[in-house]
Structure formats: structure tokens, C-alpha cells
Amino acid sequence: MRLELSTWNVLYLLGLLLAIGGCNSVFLLEGNLIYGGILIYGFGQVLVWLSGTTTFNKMIAFLLPAVIFMSVYSITRDDRVREPAIWLIEEGYTGPLYVFLNEKCGAEKEVEQEKRVYRMDHQGRCFSQFEANSGVVFTPSEFYYTDRTGYRVHLQDLREYGDSTRLKPVWRDSTGQPIFVYSGEGVKGRIGETKVVLEYAFVGTYREYLEFVRSSPLKDSLPNVLGPIVEAFRVKCE
């Protein structure tokens, strides 16, 4: 039975609001909750059609959520370009790589071929005066094992290539397992009272990388273990 209601009625307005809210809920929801937003959007559209409004108003209810979505996306998206870097890693090191940025007593800015240079210590750490580095990746970073003479061996970033079966590893561990790099993202926040700006990556076997992912809160938050490391460095700086 068709509902005999006026064009601008409560049912139509409720459906319109639900459609707008459900469509734009993706900015707030994560994981499986996004499906809930889709259901809300669909339910809103059903109410609009049951309201008995005109075809024109139905089209408004269909298009307006998308228009608002694109407007919010355009305003909030990050158009900055992430600067590529050259990561120089001590030969044979495996494990997480941490670059602490905005450190006033860190290594002076070094640029090579218009790319940042991060020189990692034997523990896979680098303190740098470079600013925070976030945004869209257009040019991927490069990772190298380097020895005391400065000779470099390029390490392939599996996050860039995606499929290790198409690659020929240039480095293997003592058991013959291939060593790759898994690039991370920029992270910033506080560990207690310590403000940290960080870039990270991981170098090692695929199994070691999976263990790192399971045990580390990155990319969502900073590991508490990094707080004392940064504090100890800053004490030396003072």
C-alpha cells in the first residue's frame, strides 16, 4: 500500500538525514563498522522512496549524500607529497628501523638526489633534524645495506613490489631466507610526556616482519619502549 504523505514530511527528512549520515560515516568508522554505515544509508534511501515524494526529491536524496561526501573529502584530504628518503642500514642488521624527526640535536639534514638521507646506527635508529614527513607517496624511498667503505646493496621493498615470487633477493640470512624491506608510515604522538615524530620501516624475513606486525602497535600508535630511547637521546643533547 502506497503511503499518502506530503512531499516534505518527516519520513522523507528522516530518510534524507540517514542517507547523508550513513554515506559520510566512513570518515568516522573503521573496519566492519563501515558496513553499518552502508546499511544506514540504504535504509535512509528506502524511507525516501516510501515517503511518496516526487522523483526530483528522490534524486536529491540520492545525490546529496555523495555531494557532501566529496566536499568533506576534498576539505580533509592530505594533498602533501611525502618526501622520498634513502635509508642507509648497517650491513646485516634485521629488525625495526626508527627515524626520529624534529630532533634539534639530531643529524643535520642531508640530501642526495633530492631525497632525504637517513643514516641508521647499529640498532636501526636515526635521530634527524628533518621535519615530519607525511602525505601522498609519489616517489618511493630507497633502502640499502652499507658497509664501512660505503658500498651499498639495494634492498627491495616488498610493500612496493607486493609479490616476493617476482623478486630475486639480493640478501639472505644465515638460514637462506630472503631479506626484504617493509616500508612503514609517518607516526606522531606522545609517549607519556614525550612528544615523538617518527618514520619507521622493517628489514628482515617475511616471518620476522609478521611477528613485528603482531607485537607492535604501529601504525596506529607509538610503542611505549620508544619513550625512554628518545628521552635518553635528548638528555645527551642538553
Side-chain angles (χ1 to χ4, degrees), residues 1-84 101-102 131-141 157-163 182-192 195-202 209-224 226:
M1 178 178 179
R2 185 174 179 272
L3 296 178
E4 297 294 333
L5 299 174
S6 61
T7 300
W8 294 99
N9 52 54
V10 174
L11 196 61
Y12 175 80
L13 292 176
L14 177 60
L16 179 62
L17 291 175
L18 289 175
I20 293 173
C23 181
N24 291 275
S25 64
V26 297
F27 294 111
L28 301 175
L29 303 178
E30 296 181 357
N32 292 331
L33 293 178
I34 292 178
Y35 295 110
I38 295 174
L39 290 176
I40 292 173
Y41 169 80
F43 182 65
Q45 292 293 344
V46 170
L47 293 183
V48 167
W49 282 83
L50 290 177
S51 69
T53 189
T54 64
T55 301
F56 177 76
N57 289 333
K58 290 176 181 178
M59 291 302 298
I60 290 178
F62 180 75
L63 296 175
L64 186 58
V67 171
I68 295 177
F69 174 88
M70 292 305 300
S71 299
V72 174
Y73 174 76
S74 298
I75 293 172
T76 58
R77 69 178 181 175
D78 191 346
D79 283 329
R80 292 174 296 176
V81 176
R82 184 174 178 182
E83 295 181 13
L101 302 170
N102 283 353
E131 298 79 12
N133 192 22
S134 61
V136 181
V137 177
F138 283 154
T139 304
S141 293
D157 182 356
L158 200 57
R159 292 284 296 274
E160 178 187 349
Y161 290 95
D163 183 6
Y182 305 84
S183 54
E185 302 177 12
V187 183
K188 51 184 169 182
R190 290 185 176 273
I191 304 176
K195 183 178 180 180
V196 178
V197 180
L198 180 75
E199 275 193 79
Y200 75 95
F202 187 89
Y209 171 67
L210 291 180
E211 180 59 32
F212 169 73
V213 171
R214 283 192 290 265
S215 61
S216 174
L218 293 168
K219 63 181 177 177
D220 297 320
S221 62
L222 295 163
N224 290 329
L226 298 182

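Just so you know, these numbers use all the heavy atoms, side chains as well, and skip hydrogens, waters and symmetry mates. Position 1 is the first residue of the sequence; numbering continues from there.
Taking all atoms of both residues into account, the shortest heavy-atom contact from P65 to A19 is CB-O, 3.7 Å. Here the shortest heavy-atom pairing between P84 and P140 reads CB-O, 3.8 Å. Nearest heavy-atom pair across A132 and N102 is N-OD1, 3.7 Å. Residues A61 and Q45 share a closest heavy-atom pair of O-NE2, 2.9 Å.
With rounding to the nearest 0.5 Å, the separation of CG in L13 from CG in L18 is 11.0 Å. For the atom pair SG (C23) and CD1 (I40), the distance works out to 11.5 Å, reported to the nearest 0.5 Å. Expressed to the nearest 0.5 Å, how far CG of N57 lies from CG of L64 amounts to 11.5 Å. To the nearest 0.5 Å, atom CG of residue L47 and atom CG of residue L14 are 5.5 Å apart. Rounding to the nearest 0.5 Å gives a distance of 11.0 Å between CE of M70 and CG of N24. In this structure, OG1 in T54 is found 7.5 Å from CD1 in I60, a value given to the nearest 0.5 Å.
With contacts defined as side-chain heavy-atom distances shorter than 4.5 Å, the pair L218/F212 qualifies.
In this structure E131 satisfies the side-chain hydrogen bond (donor to acceptor under 3.5 Å, both in side chains) test together with K109, sequence neighbours excluded. Considering only residues two or more places apart in sequence or on other chains, Y41 meets the ring pair (Phe, Tyr, Trp, His ring centres under 6.0 Å) condition with none of them. With sequence neighbours excluded, the residues satisfying side-chain contact (heavy atoms from CB on, under 4.5 Å) with I191 are V196, L222, N224, L226. Evaluation of the salt bridge (Lys or Arg N to Asp or Glu O under 4.0 Å) rule for K195 yields no partner, not counting sequence neighbours. For the side-chain contact (heavy atoms from CB on, under 4.5 Å) test, residues two or more places apart in sequence or in another chain that qualify with L210 are Y206, R214. With sequence neighbours excluded, no residue forms a side-chain contact (heavy atoms from CB on, under 4.5 Å) with L39.
In this pair, Y182 and Y209 present their aromatic rings parallel. The plane angle is below 30°, not in the 30 to 60° band.
Proximity of a side-chain donor or acceptor of D157 to a complementary backbone N or O of S183 within less than 3.5 Å is detected.
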